[in-house]
**Q** 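Pasting a structure here, questions to come.
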Protein chains: 2
Amino acid sequence: MPRTKKQFEEIRKSSKEKILNVALELFVKKGYHATSISQIAQKAKISKGLMYNYFASKEDLLDEIILQGFHSLEELEFRTKRGVHPQTQLEDFVDAVLDNLYSNFNYWQLYLALLVHPEIQKKYEKKMKQFRDEFIQTLTLLFKKLKIKNPKLEAFLLGTFFDGLVLNFIAAEDVFPISKIKNAILSKYIKSNKVQTRKTKK
Amino acid sequence: MPRTKKQFEEIRKSSKEKILNVALELFVKKGYHATSISQIAQKAKISKGLMYNYFASKEDLLDEIILQGFHSLEELEFRTKRGVHPQTQLEDFVDAVLDNLYSNFNYWQLYLALLVHPEIQKKYEKKMKQFRDEFIQTLTLLFKKLKIKNPKLEAFLLGTFFDGLVLNFIAAEDVFPISKIKNAILSKYIKSNKVQTRKTKK
DNA sequence: GTCTATACCAAGATAGAC
DNA sequence: GTCTATCTTGGTATAGAC
């Protein structure tokens, strides 16, 4: 019996990757503890036993997913181009964050889920703190260039807002368009009436 | 020595309340699924069996806690005083939210923990949506009075910011003082240079 | 109202066949 | 590499004594 393209594709795709993808999806949707190995195996169409060929334990599976997640999040380009007007730099930065937030949504969601429970958070504390610090630092520098008062506080506030944004995207059914959000943010920091000088990607 | 009805009542209440408090603490710290009945019983210094005298199941316990949480959150006074300058109304509103955020921190944290997992969220969806809608509605009205452009979008943005704030209070070790945060928020919506007209509570 | 003992089950993990 | 069968543990929940 000949196999369809899709079937072939599925067989070809490595089992490990399938497990990782399915596990991420379920961990995000139901939470780590509420998701059982059986559920993951079932959805990935493999046996429970096979799981343990690729991962030493359930926790090990989580670790790999989170590592993978941090890697994706780190693609966020923190460095800002030199020689460009700081106003444009801020715009680029906000663009980059919002883009990343959309394209890596699953990982952001996982990141939040870790963040809300102090005990769980501890394990990945160091990497998370590093990520946050880098974020705040870049933004603070940018605000300084823009001559905004209390640049560090403002950086914290904007970072905080982005966290809330992820949260709301998870919860909300009626989402505000990203371009409106972007412009609303920028207008708070850039006094010019013509904030929207360029088209947003989305 | 015979006990009165009232005394029994009080004993009953105190045990139950102890369970509720301990469970809230553990659910928030470790998460619902990661917390076992044994752990709750141990920390509350009661037996596992007694748990089931007060609550039909672990899930029932969670339900009661969440109900209690919503009740606390609802104490937030959404209605704004009439006859007062809208600028002051906004200030009062922000004050009220920040105060509530501090005094009911545990419940806000629980609220976020529910929010991050779509599957869990579904169960309490209706109550949560109602709470959010009321919040946004009040704020939108206030922004309209203040003649701010896109009042509904701005209300969403500020609500989003508050969500992020809870998240950051959970995660961060170095927290910005509440009065600075308050002033930073207000200065974004009130153009006057003299935002800080009154002392904040904290 | 509170405890101990225990039933029952589902989850994580391993062994060994193919 | 993948499966099925099985072990082991720890969890929820119940029964019954005090």
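Any value given below was found using the heavy atoms of this structure, including those in side chains, with hydrogens, waters and symmetry copies removed. Quick note on labels: first sequence line is chain A, next is B, and so on, each numbered from 1.
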**Q** Report all interatomic pairs (protein N or O, nucleotide N or O of nucleotides 9-13 of chain C) with separations under 3.5 Å.
**A**
{"from": "C/dG12", "atom 1": "OP1", "to": "A/Lys58", "atom 2": "NZ", "distance (Å)": "3.0"}
{"from": "C/dG12", "atom 1": "OP2", "to": "A/Ile37", "atom 2": "N", "distance (Å)": "2.8"}
{"from": "C/dA13", "atom 1": "OP2", "to": "A/Tyr52", "atom 2": "OH", "distance (Å)": "3.1"}
{"from": "C/dA13", "atom 1": "OP2", "to": "A/Lys58", "atom 2": "N", "distance (Å)": "2.9"}
{"from": "C/dA13", "atom 1": "N6", "to": "A/Lys48", "atom 2": "NZ", "distance (Å)": "3.4"}

**Q** Mind checking ring pair (Phe, Tyr, Trp, His ring centres under 6.0 Å) for B/Tyr124 and listing every partner two or more places apart, or none if nothing turns up?
**A**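 Testing B/Tyr124 for ring pair (Phe, Tyr, Trp, His ring centres under 6.0 Å), a comparison that skips the adjacent residues, returns none.
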**Q** Listed by chain and number, what are the salt bridge (Lys or Arg N to Asp or Glu O under 4.0 Å) partners of A/Lys58, not counting sequence neighbours?
**A**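 Salt bridge (Lys or Arg N to Asp or Glu O under 4.0 Å) list for A/Lys58, sorted by chain: empty.
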**Q** When the distance from CG of A/Leu50 to P of C/dA15 is rounded to whole Å, what number comes out?
**A**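 Roughly 16 Å, once rounded to whole Å.
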**Q** Determine the contact category for B/Phe55: base if any of its heavy atoms lies under 4.0 Å from a base atom, sugar-phosphate if only primed atoms, P, OP1 or OP2 are that close, otherwise nothing.
**A**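 Nothing: the residue B/Phe55, judged by heavy atoms under 4.0 Å, touches no strand.
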**Q** Run the side-chain contact (heavy atoms from CB on, under 4.5 Å) test against B/Thr138 and tell me which residues pass, sequence neighbours left out.
**A**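 B/Phe78, B/Thr80, B/Phe93.
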**Q** Choosing from C/dC3, D/dT4, C/dG1, which nucleotide comes nearest the side chain of A/Ser47?
**A**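 So the nucleotide nearest the side chain must be D/dT4.
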**Q** Keeping to residues at least two apart or across chains, list the salt bridge (Lys or Arg N to Asp or Glu O under 4.0 Å) pairs with something in residues 133-151 of chain A.
**A**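 Checked against salt bridge (Lys or Arg N to Asp or Glu O under 4.0 Å) - neighbours excluded - the pairs reaching residues 133-151 of chain A are A/Lys129-A/Asp133.
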**Q** Among all residues two or more places apart in sequence or in another chain, which pass the salt bridge (Lys or Arg N to Asp or Glu O under 4.0 Å) test with B/Asp60?
**A**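 Salt bridge (Lys or Arg N to Asp or Glu O under 4.0 Å) list for B/Asp60, sorted by chain: empty.
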**Q** Using whole Å, what does the distance between atom P of nucleotide D/dA17 and atom CG of B/Asn53 come to?
**A**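 My rounded result for the distance is 16 Å.
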**Q** Contact between A/Ile65 and A/Tyr32 at the side-chain level, heavy atoms closer than 4.5 Å - yes or no?
**A**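 The answer is no; the side chains never approach within 4.5 Å.
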**Q** Please report, rounded to the nearest Å, how far the P atom of D/dT12 is from the CE atom of B/Met51.
**A**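 Those two atoms, CE and P, are 9 Å apart.
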